[in-house]
Amino acid sequence: MTAKIVRSVCPYDCPDACGLLVEVESGTAVQVSGDPDHPFTRGFLCAKMQRYERTVHSERRLLTPLLRSGVKGSGEFVPVSWEEAIRRIAARWCEIIATHGAEAILPYSYAGTMGLIQRNSGHPFFHRMGASRLERAICSPAKSAGWKAVLGDTPTVDPDEVAKSDLVILWGINAAATSVHFMHGVNEAKKRGAKVWLIDTYSTPTAAAVDRLFLIRPGSDAALALAMMHILQRDALLDTAFIAAYVQGFEPFAATILPQYPPEAVSSITGIAPAVIEEMAAAYGRAAAPFIRLGSGLSRYGNGAMTVRTIACLPALVGAYGSEGGGCFPDTATGGAFAMQEVTREDFMQEPTRLVNMNRLGEALANEFSPPVKALYVYHSNPAAVAPDQNAVISGLQRDDLFTVVHERFMTDTARYADIVLPATSSLEHADMYRSYGTYLLQRAGAAIPPVGESRSNWEVFSLLAEAMGFAEPFFRQSADDLIDHLLAIPSPLRSGIDLERLAAGRAVRLNVPLDRKSFQTPSGRIEILNPAAREPLPRYLPTNGEGGDTLRLMTAPSLHALNASFYERDDLRRRQGRMTLLMSREDAAKRGLVDGEAVTAWNALGEVSFWLEVSGRVPAGVVVAEGVWWTEFAPGARTVNALVSQRLTDEGHGSTFYDNMVDVRGG
Ligand SMILES: Nc1nc2c(c(=O)[nH]1)N[C@H]1C(S)=C(S)[C@@H](COP(=O)(O)OP(=O)(O)OC[C@H]3O[C@@H](n4cnc5c(=O)[nH]c(N)nc54)[C@H](O)[C@@H]3O)O[C@H]1N2
Ligand SMILES: Nc1nc2c(c(=O)[nH]1)N[C@H]1C(S)=C(S)[C@@H](COP(=O)(O)OP(=O)(O)OC[C@H]3O[C@@H](n4cnc5c(=O)[nH]c(N)nc54)[C@H](O)[C@@H]3O)O[C@H]1N2
Ligand code: SF4
Ligand SMILES: [Mo]
């Protein structure tokens, strides 16, 4: 038997977008490893992807279309043919369109695959249909809005520039879990003598890799940044030449905002001692090139956009945006690399249709909209697990008059509620093009193996559905590769001069992003501490949504061995995660008479969730942590963490507020 090695790309929603080498034997992926030729992957993969073949060839893969045979949620289905499944879907949709109009149909998708074609395949189809549109705001739109308010469209530096920094601040990011390849540059910086800090709400696995851990009260980071800026100004640690040349609005900010944030006052907001804030500001002000790697967790609050906006001002005061190795890195934005409107085809829409925020799926399924949502089509997302307000989502999914189709690789919490389930290919079974939100690399991948069972890709399913719905546009009859070739034929400055042969061979190429440390892509051409177009022209600290009282702030944190609700199909990774636990401080456990290892219930006005309690020194008083988005199949009770998360949105960007929720905990 001859094995061959095929290049591919990690399809998951992770900033690293790793290059993969797949060893294929007789149409089976036998081993997956990191591509040594990929400049960011450097030949190693995270714990989740080291045995990706176990996901691809898992016994849990869905192999045929399924038709519901029991009550919704029972998981009882019978296999049907693709022809039968597609015919039933089209017939039901036509009925719904005739009675309620096409806006009664709602697509729901997010980031099961990040490939540009497979991820967006549903857009042209649903635009053509005139269905409701989904506002895809579950991840970090508040982070983008906060960054944009200060830096506009200024591209961030390359992630590996961190290696040249002398003070690295991992700010609200569990990088060891969520961007492990970024840590290469951090470790390089360390070897050259840099200090590395972590600012988080609890001691995450990343704490092991840093010199200093600063625990901060959830949602209060803007106050910390303001106090640091207060001290920089007070102690004349500002780069006045940089401010004069490149910053807009420092004077009113310094005159009216900064005086309100002395370290003593901020200490009571953040829980960080005044002396420690002094120390942080002094070290920051004295560093030659401080580098902030900003996570997304701190943006998932009612004040999230303002928090990011405020932190983004900090490097401007010391001129770090102008220094090699310094600045602030939120994510890379490479949207301009392709004419994405050629994929999403808004022009297929006759008129703009209703926009439904994905964070409020519970509300949308409550049947109170006009027209009501009568059909839901879910693809590469698992809203019954990942979306806020799980009880509201599940009661919607239980509605007998809701026609639900789920296109999936596995029988997820959402698929259990479907009327029809369609089997999806994994990334090794279809073609795609991948950008990254943590690097400037671009990669193309073909299928490495044939589809497992009767599974089909997102692109193929929408082609079948288009045919069944009588959509005559030739667009729907091309292949994913045809569309990739079409995209590549449209020039873009970001792709000028890239090595097309290398790209065709499945290797990573770097986009041609101009990185000029003295040029800012904002309306004023300067860093806008004062942004006249913003609702509030100057940044300040805003309170969070979560109420105070004697309750606990719930951190719905990422797990090292899973990615959102993906990878729970893997026994090996689940074993490493252990049980579905809630981490709690000794003080809070003692106060409630709770002991390590016992079954507990966390509750608030939205719901109740059972966990195994882990009393832990990693968590400060007032905070509890639930890592991972578990499948209910493996949970101690009937619900998982998002039953405790509200549908409230962020201050800007209509984002999710996963971390902005209070709970209390009792035994049993
Ligand atoms: N292993 C693993 N990797 C992942 C994911 C995963 O679930 N698991 N998720 C993927 C996805 S979808 C994304 S968007 C990316 C990024 O995923 P994100 O969910 O944004 O994760 P992080 O950027 O690590 O940020 C989360 C961290 O923010 C901390 N945090 C929460 N609130 C605050 C606060 O108020 N202040 C501060 N300072 N910290 C706070 C949390 O404790 C946590 O450690 O990672 C991706 N990669
Ligand atoms: N409590 C809590 N909740 C969270 C988060 C958190 O940290 N804590 N993170 C939030 C964030 S940042 C995000 S981005 C969202 C993510 O939400 P989702 O994007 O829904 O994330 P996943 O859980 O990874 O679900 C993706 C599903 O797509 C399927 N899939 C993979 N590839 C394909 C394909 O090619 N075709 C089809 N049809 N299906 C495919 C997978 O099997 C998987 O079940 O979750 C959010 N929810
Ligand atoms: S680090 Fe991220 S991109 Fe790389 S293999 Fe793991 S999940 Fe995929
Ligand atoms: Mo995300």
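Predicted, not measured: the structure shown is a model, and the values here were computed from it. Below, all heavy atoms of this structure are taken into account, side chains as well, without hydrogens, waters or symmetry copies. Whatever order the structure lists them in is the order used to number ligands and atoms, beginning at 1.
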Protein residue, atom and distance nearest to [atom], heavy-atom basis:
{"atom": "atom 16 (C) of ligand 1", "value": "Thr178 CB, 4.2 Å"}
{"atom": "atom 26 (C) of ligand 1", "value": "Tyr659 OH, 3.5 Å"}
{"atom": "atom 5 (C) of ligand 1", "value": "Leu563 CG, 3.6 Å"}
{"atom": "atom 12 (S) of ligand 1", "value": "Asn564 ND2, 3.0 Å"}
{"atom": "atom 21 (O) of ligand 1", "value": "Pro558 CG, 3.5 Å"}
{"atom": "atom 24 (O) of ligand 1", "value": "Asn174 N, 2.8 Å"}

Return the option from [options] holding the heavy atom at the smallest distance from [atom].
{"atom": "atom 27 (C) of ligand 1", "options": "Ala111, Gly295, Gly172", "answer": "Gly172"}
{"atom": "atom 18 (P) of ligand 1", "options": "Glu627, Arg553, Arg300, Lys48", "answer": "Arg300"}
{"atom": "atom 43 (C) of ligand 1", "options": "Asp13, Ile138, Leu298, Asp200", "answer": "Asp200"}
{"atom": "atom 40 (C) of ligand 1", "options": "Thr201, Val623, Val180", "answer": "Thr201"}
{"atom": "atom 13 (C) of ligand 1", "options": "Tyr202, Tyr437, Phe214", "answer": "Tyr437"}

Answer yes or no: does an N/O atom from [X] fall short of 3.5 Å to an N/O atom of ligand 1?
{"X": "Pro15", "value": "no"}
{"X": "His561", "value": "no"}
{"X": "Arg217", "value": "no"}
{"X": "Tyr301", "value": "yes"}

Taking C-beta and beyond as the side chain, do [X] and [Y] meet within less than 4.5 Å on heavy atoms?
{"X": "Pro558", "Y": "Glu627", "answer": "no"}
{"X": "Thr113", "Y": "Tyr379", "answer": "no"}
{"X": "Phe329", "Y": "Ile292", "answer": "no"}

Considering only NZ, NE, NH1 and NH2 on the basic side and carboxylate oxygens on the acidic side, decide whether [X] and [Y] come within less than 4.0 Å.
{"X": "Asp572", "Y": "Lys48", "result": "no"}
{"X": "Arg618", "Y": "Asp200", "result": "no"}
{"X": "Glu429", "Y": "Arg61", "result": "yes"}
{"X": "Asp660", "Y": "Arg553", "result": "yes"}
{"X": "Arg51", "Y": "Glu53", "result": "yes"}
{"X": "Glu633", "Y": "Arg574", "result": "no"}
{"X": "Asp158", "Y": "Arg510", "result": "yes"}

A student checking ligand 3 against His181 at a 4.0 Å heavy-atom cut-off should list atoms 1 (S), 4 (Fe)

Ligand 1 contact on [X] by region, counting heavy-atom pairs under 4.0 Å:
{"X": "Ser179", "value": "neither"}
{"X": "Leu560", "value": "backbone"}
{"X": "Ser296", "value": "both"}
{"X": "Asp221", "value": "side chain"}
{"X": "Ser559", "value": "backbone"}
{"X": "Ile173", "value": "both"}

Where ligand 1 meets [X] - atom numbers and elements under 4.0 angstrom, heavy-atom basis:
{"X": "Cys139", "answer": "14 (S)"}
{"X": "Pro218", "answer": "35 (O)"}
{"X": "Ala177", "answer": "1 (N), 2 (C), 3 (N)"}
{"X": "Thr204", "answer": "44 (O)"}
{"X": "Ala562", "answer": "1 (N), 2 (C), 6 (C), 7 (O), 8 (N)"}
{"X": "Gly219", "answer": "34 (C), 35 (O)"}

Report the distance from atom [atom1] of [X] to atom [atom2] of [Y], rounding to the nearest 0.5 Å.
{"X": "Ser220", "Y": "Ile272", "atom1": "OG", "atom2": "CD1", "answer": "6.5 Å"}
{"X": "His561", "Y": "Tyr568", "atom1": "NE2", "atom2": "OH", "answer": "10.5 Å"}
{"X": "Leu170", "Y": "Leu294", "atom1": "CG", "atom2": "CG", "answer": "10.5 Å"}
{"X": "Leu552", "Y": "Asn661", "atom1": "CG", "atom2": "CG", "answer": "12.5 Å"}

According to the salt bridge (Lys or Arg N to Asp or Glu O under 4.0 Å) rule, which pairs have a member within residues 210-221, sequence neighbours left out? Arg212-Glu279

Check whether the ring centres of His181 and Phe44 lie less than 6.0 Å apart, and answer yes or no. yes

Could you check, using the six-membered ring where one of them is a Trp, whether Phe567 and Tyr12 have ring centers closer than 6.0 angstrom? yes

Any donor-acceptor pair under 3.5 Å from Ser299 side chain to Ser296 backbone: yes

Give a yes/no verdict on a cation-pi contact between Arg119 and Tyr110, requiring under 6.0 Å between NZ or CZ and the six-membered ring centre and an angle within 45° of the axis. yes

Please indicate whether Lys195 has more than 12 foreign heavy atoms, meaning atoms of other residues, nucleotides or ligands, lying under 6.0 Å from its NZ. no

Near atom 8 (Fe) of ligand 3, which protein N/O/S atoms are found at less than 2.8 Å? Cys10 SG

